[in-house]
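Predicted, not measured: the structure shown is a model, and the values here were computed from it. Reminder, nothing fancy here: chain letters follow the sequence lines and each chain counts from 1.
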2 protein chains.
Amino acid sequence: MIKVSITDDHDLFRSGIAMLLEKSNTIEVVHQTASVEELLNKLDESEVDICLLDISMNETNGLEALLLLRKSHPSIRSIVLTMHNEGQYVVQAIRNGAYGYLLKDCGPEELTEAIEQVFNGKKYFNKDVSHLMIEAVNIESNTQKISKREKEVLKLVAQGLTTKEIADQLFVSKRTIETHRSNILKKLDVQNTAELITKATQLGLL
Amino acid sequence: MIKVSITDDHDLFRSGIAMLLEKSNTIEVVHQTASVEELLNKLDESEVDICLLDISMNETNGLEALLLLRKSHPSIRSIVLTMHNEGQYVVQAIRNGAYGYLLKDCGPEELTEAIEQVFNGKKYFNKDVSHLMIEAVNIESNTQKISKREKEVLKLVAQGLTTKEIADQLFVSKRTIETHRSNILKKLDVQNTAELITKATQLGLL
DNA sequence: GGAATTATCCGTATTTATACTGAGTTTAAT
DNA sequence: ATTAAACTCAGTATAAATACGGATAATTCC
């Protein structure tokens, strides 16, 4: 029996998946939790082979959970199970040590297939997910250019603060912020603030 | 037996819910479909009391489906079952004739409860959903203020066009666009372009 | 240790955006 | 037919953003 845990803040989804998996005679749902914190507690009580993780959750999200799990329970293999079909998430999931990435619109068969594959030491990423990764490369080449400081400035700009207000808040001169803004515009290849905010939103920088 | 149909493009979720509901001895899942089009076809074959509808789907979304169902099958009562916890959707769902609105993070008990309530002629909206509606009123009072022309200008602003470029494109004077911009800023109660784009994005105006 | 990047700072000039006020014309609604 | 709203245009003035160009510590990377 493959011991599986499910972590997803959508109770209905979690319960449904559990019901589905319990039909299988090779898979056993050891426990299901609504948050990563809860998961980490339960892991000490009972053994688990594979964790199914959602990405969007209230406190710790699934991508962060991957890192935590890898440190605290290296033998556990995690599969990300999410509705996010954006390449950035896939890439980050792989970096953080995911053994699989599944979209919620896949079928029950694919889920059990993935669990078995991962249990047998393979990794599982289907075609759709692979396509997503290609897009992600382009996006990353843009977003990674933006430094921490620039991101900080960017967020304040998005909030409607003027250059001077940002300068005061960050305890630097107005000139510095102007340079930052200028550099951000160049890096994202946009002409002005309006386009900047639009693009930054699309790239998930805000 | 209450005859229920499930429409959601997430196969896993759909299958899971079906499993959950089939445990009940008062509810019968007549069929499950991945799209509204598919649902409408199947409705001619077999009778249904209650439709569970997701909102975000590829072609026709759940909110549009409410209207279609009300016309073609007035006796069917629909419950929206979604992860969207934004008030706008709740309001629109009610307008379009939904008998209930449930978030996917509710428990299995609440789902069966809602189905039974709606079957007995009541409407079902839980506390969380009610709260969402209050926000929605504010948002609507903001977004509805924006005229067609202003929305047009707003979109061009978001694309990074300057006032002059927008003026040229719309064949009006620079002054006119300046007035539009000024009015939009006032209506959305923001101070500058950056904040404008941020807020407009949040309000779904772009 | 050296190279590259980043964060910080500054001046000058030009372009854009915004504030304030006012007003004529079209369009829609009652 | 009157009102209200939306769309159009304008003058004046200030504030802000952007384009140039140049410079010095600190940090990170190789």
In whole angstroms, how far is the [atom2] atom of [N] from the [atom1] atom of [X]?
| X | N | atom1 | atom2 | answer |
| --- | --- | --- | --- | --- |
| B:K164 | D:dA10 | NZ | P | 13 Å |
| B:L185 | C:dA19 | CG | P | 6 Å |
| A:E178 | C:dA7 | CD | P | 17 Å |
| A:F171 | C:dA7 | CZ | P | 18 Å |
| B:L196 | C:dA19 | CG | P | 12 Å |
| B:R181 | C:dT16 | CZ | P | 11 Å |
| B:L161 | C:dT15 | CG | C1' | 16 Å |
| A:N192 | D:dA17 | CG | P | 12 Å |

Q) With a non-hydrogen cut-off below 4.0 angstrom, is B:N183 in contact with a base, only sugar-phosphate, or nothing? A) nothing
Q) What nucleic acid atoms does A:T193 come within less than 4.0 Å of, heavy atoms only: base, sugar-phosphate, or nothing? A) sugar-phosphate
(Q) Starting the side chain at C-beta, find the nucleotide from D:dA19, D:dA17, D:dC7 nearest to B:S147. (A) D:dC7
Q | Side-chain donor-acceptor contact under 3.5 Å, B:E165 with B:Q169 | A | no
(Q) Can you confirm whether the side chains of A:T198 and B:Q159 place a donor and an acceptor under 3.5 Å from each other? (A) no
Check whether the side chain of [X] and the base of [N] form a donor-acceptor pair under 3.5 Å.
| X | N | value |
| --- | --- | --- |
| A:T176 | C:dC10 | no |
| B:R149 | C:dT27 | no |
| B:R175 | D:dT12 | yes |

Any side-chain N or O of [X] below 4.0 angstrom from OP1/OP2 of [N]?
| X | N | value |
| --- | --- | --- |
| A:T179 | C:dT8 | no |
| B:S173 | D:dA10 | yes |
| B:H180 | D:dC7 | no |

Q: Check the surroundings of atom NZ in B:K123: do more than 12 heavy atoms from other residues, nucleotides or ligands lie under 6.0 Å from it?
A: yes
Q) What's the shortest heavy-atom distance between A:I79 and A:Y101, and which atoms? A) CG2-N, 4.3 Å
Q | Sidechain-backbone polar pair: B:R77 side chain, B:Y99 backbone, donor-acceptor under 3.5 Å | A | no
